[in-house]
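Inspection log for the structure reproduced underneath, given as structure tokens.
Heavy-atom basis, side chains included; hydrogens, waters and symmetry copies ignored.
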Amino acid sequence: MGERQPGNDQRVSRVAAQRLSLYLRCLTGWSTESGKVSSGRIAAAVGVTDAQVRRDLASLGHLGQRGIGYEARALSAAIRVALGIDRTWDAVLVGVGNLARALLRYQGFRSQGFRIVGLFDADQTKVGQQVEGLMVDGMDQLGKRVEALGAEIGIVTVPGDVAQAVAESLATGGVRGILNFAPVVLRLPPHVSLVTVDLAIQLEQLAFLVQHGDGISRPPEEEEPFA
């Protein structure tokens, strides 16, 4: 399946895509309200300027009208297409520990089109167990099962010392993207996308912000063109 691009054939930068995810989160929260939504309202909710919102949404096509705003449902649908979540993404999760169990219980993944279809762990006491309706397979089955399940995304919640080997097995099995929770930098083939969530680094950044407060220099708001 080829990559889907926004309706006017412009590619959206990764930074802009992060903002689109925030816009969608706001629109979803306002889904019970009917009618239009303005760029100003979205901007106020997210913390950017309405000009930035308009630039971002312009990449999705001609959706809004000056002085009237955007039709909320149509805008949500367009953002979902741009982000590639107008379809279901099957994922496998490797490392069935406490973090993995918390992720399995999170209902937001399914509502956003992400479906966990396989679990894997190296601990033989876990293999064969049912966790949230899925049976845990052994690591020796990883590559074969990923291919059989047709999973395109791998979620890695294993210790750092084995994360690289797990990621390589996922790539070999055919996944196209990996969400990595292990506290290591993974090296993957160019065709496999990677997003790393390192909670320790996030806490370090929070500590920096708290310590320095208003003394932190802030760059001007990004006005990066859509690449």
Side-chain heavy atoms of [X] within contact of [Y], under 4.5 Å:
X	Y	answer
Ile85	Leu24	yes
Ile42	Trp30	yes
Leu75	Leu60	yes
Leu119	Leu104	yes
Leu103	Thr157	yes
Val94	Met139	yes
Arg115	Arg110	yes
Val37	Tyr23	no

Main-chain N/O of Gly150 paired with Asp90 side-chain donor or acceptor, under 3.5 Å: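 Flag not set: sc Asp90 to bb Gly150 has no pair under 3.5 Å.
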Can you tell me how far apart [atom1] ([X]) and [atom2] ([Y]) are? Round to the nearest 0.5 Å.
X	Y	atom1	atom2	result
Leu57	Arg19	CG	CZ	10.0 Å
Ile155	Ile178	CD1	CD1	11.0 Å
Phe120	Asp140	CZ	CG	10.0 Å
Met135	Arg145	CE	CZ	7.0 Å
Ser76	Glu71	OG	CD	8.5 Å
Arg80	Leu27	CZ	CG	11.0 Å

Which heavy-atom pair separates [X] from [Y] by the least distance, and what is that distance?
X	Y	value
Ser193	Leu188	O-CD1, 4.4 Å
Gly154	Leu170	CA-CD1, 4.1 Å
Lys126	Val136	O-CB, 3.3 Å
Leu63	Ala78	CD1-CB, 3.6 Å
Gly84	Trp89	O-NE1, 2.6 Å
Val185	Gln164	O-OE1, 4.2 Å

Side chain to side chain contact (heavy atoms under 4.5 Å, CB included) between Arg54 and Asp50, intermediate numbers included: CA-CA 6 Å; Arg54 289 194 299 272; Asp50 54 351; 3.4 Å; yes
His191, NE2 atom: more than 12 neighbouring heavy atoms under 6.0 Å: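 Counting other residues, nucleotides and ligands, NE2 of His191 exceeds 12 neighbours.
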Residues Glu132, Arg101: salt bridge by 4.0 Å N-O rule: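 No, no charged N to carboxylate O under 4.0 Å.
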Glu204 and Ile201: CA distance, side-chain angles, deciding distance, side chain to side chain contact (heavy atoms under 4.5 Å, CB included) verdict: CA-CA 5 Å; Glu204 290 170 5; Ile201 288 179; 4.2 Å; yes
Give the cluster check for [X] versus [Y]: same hydrophobic cluster or not, with ILVMFWY residues linked at side-chain heavy-atom distances below 4.5 Å.
X	Y	value
Ile153	Val195	yes
Val197	Tyr106	yes
Val92	Phe114	no
Leu149	Phe109	no
Val158	Leu99	no

Between Thr125 and Asp123, a side-chain donor and acceptor under 3.5 Å: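 Result is yes, a qualifying pair exists.
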